Amino acid sequence: ADRGLGAGQFGWAHLANALAGLALTPVITPWVGRKVAARFHPRLDILALAGLWTTVSMGWAALAHTTLDFSLATAFSTPGEVAWFVIAAGVVHRIAPPATGGRYHGIWSMSVAVASVIAPIMASYSLIHGGHQLVAIVTVSAGALGAGLCLPLART
């Protein structure tokens with residue numbers, strides 16, 4: 001709304017993300033699966049890259065001015081989203097003891113849900129106190145921090 005766009009234009013951006021997901025998930029998922037299967041450890045490098053890819057795309061969305069910009073930013077984020085979910089679920093599966101796998105996946109799912117509540121709160125706060133630029137900076141910083149946290153995990 002701040003950019004002068006209505007709900008319909010917001011819908012186009014969501015449609016672009018959904019269509020990209022439908023088109024790219026069948027391509028990216030097997031590719032990531034092969035990369036994971038080729039090694040004995042989870043591909044935290046791919047997880048970190050996927051997180052950075054997605055957050056840079058969402059930083060772009062924070063600075064977008066047109067329906068096309070928003071749609072391209074959300075569609076561009078899709079490969080990172082797909083790769084991130086595949087690798088993250090694989091990490092959880094790999095670290096969970098067989099008897100408690102459901103519990104581990106439940107905790108991970110709840111963490112993702114909590115993040116989906118915290119992210120809009122952070123974005124709103126940033127928008128109010130620093131504008132679109134602060135939203136982009138906070139988004140990319142959070143993603144960079146998450147990607148950075150993958151590095152020590154990769155060494156264990």
Side-chain angles (χ1 to χ4, degrees), residues 1-2 5 7 9-33 35-36 41-64 70-132 134-154 156:
D2 189 47
L5 303 174
Q9 286 95 352
F10 186 71
W12 281 110
H14 277 289
L15 180 62
N17 183 250
L19 292 175
L22 287 170
L24 296 175
T25 298
V27 176
I28 294 171
T29 301
W31 177 81
V32 171
K35 294 292 183 186
V36 170
H41 58 83
R43 295 297 307 263
L44 293 170
D45 56 335
I46 296 173
L47 184 69
L49 182 61
L52 286 174
W53 180 291
T54 303
T55 55
V56 167
S57 302
M58 290 297 92
W60 172 16
L63 301 175
F70 283 112
S71 298
L72 289 174
T74 58
F76 192 73
S77 73
T78 304
E81 294 171 9
V82 172
W84 188 90
F85 274 105
V86 170
I87 297 292
V91 168
V92 174
H93 182 73
R94 195 176 286 239
I95 66 170
T100 57
R103 183 173 297 149
Y104 274 64
H105 280 282
I107 291 168
W108 175 65
S109 295
M110 285 301 297
S111 299
V112 172
V114 168
S116 71
V117 171
I118 292 172
I121 292 169
M122 286 176 52
S124 296
Y125 183 87
S126 299
L127 187 60
I128 290 167
H129 296 287
H132 298 278
L134 185 59
V135 174
I137 290 167
V138 169
T139 300
V140 173
S141 297
L145 176 63
L149 290 173
C150 290
L151 297 175
L153 290 173
T156 60

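Fair warning: this is a prediction, and the values are worked out from it, not measured in the lab.
Checking side-chain atoms of T74 against main-chain N and O of S71 turns up a donor-acceptor pair under 3.5 Å. At least one donor-acceptor pair closer than 3.5 Å links the side chain of S116 to the backbone N or O of A113.
Applying the ring-ring contact (aromatic ring centres under 6.0 Å, His included) test to H93 and every residue at least two apart in sequence or in another chain returns nothing. With sequence neighbours excluded, the residues that form a side chain to side chain contact (heavy atoms under 4.5 Å, CB included) with Y125 are H129. Among residues two or more places apart in sequence or in another chain, the side chain to side chain contact (heavy atoms under 4.5 Å, CB included) test is passed with A50 by A83, W84. Evaluation of the side chain to side chain contact (heavy atoms under 4.5 Å, CB included) rule for L127 yields H132, V135 as partners, not counting sequence neighbours. Not counting sequence neighbours, the partners of S77 by the side-chain hydrogen bond (donor to acceptor under 3.5 Å, both in side chains) test are E81.
Applying the side chain to side chain donor-acceptor pair (under 3.5 Å) test to every pair with at least one member in residues 45-62, sequence neighbours left out, gives these pairs: R43-D45.
Distance check: I87 CD1 to L49 CG gives 10.5 Å after rounding to the nearest 0.5 Å. Here CD1 of I28 is found 13.5 Å from CZ of F85. Values are rounded to the nearest 0.5 Å.
The two atoms that bring A16 and A75 nearest to each other are O-CB, 3.9 Å, heavy atoms only. Taking each heavy atom of P26 and G21 in turn, the nearest pair found is CD-O, 4.2 Å. Pairing each heavy atom of P120 with each of A115, the nearest pair is CD-O, 4.5 Å. Of all heavy-atom pairs spanning A96 and G101, the tightest one is CB-CA, 3.7 Å. In terms of heavy-atom proximity, S126 sits nearest to L134 at O-CD2, 3.6 Å. Between F70 and A61, the closest heavy-atom pair is CE2-O, 3.1 Å.
Counting heavy-atom neighbours within 6.0 Å of W12 CH2, excluding the residue itself, gives a total of 12 or less.
The side chain to side chain contact (heavy atoms under 4.5 Å, CB included) test with S141 is passed by exactly one of I137, T139, V138: I137.
Taking the side chain as every heavy atom from C-beta outward, V36 and R94 approach each other to under 4.5 Å.
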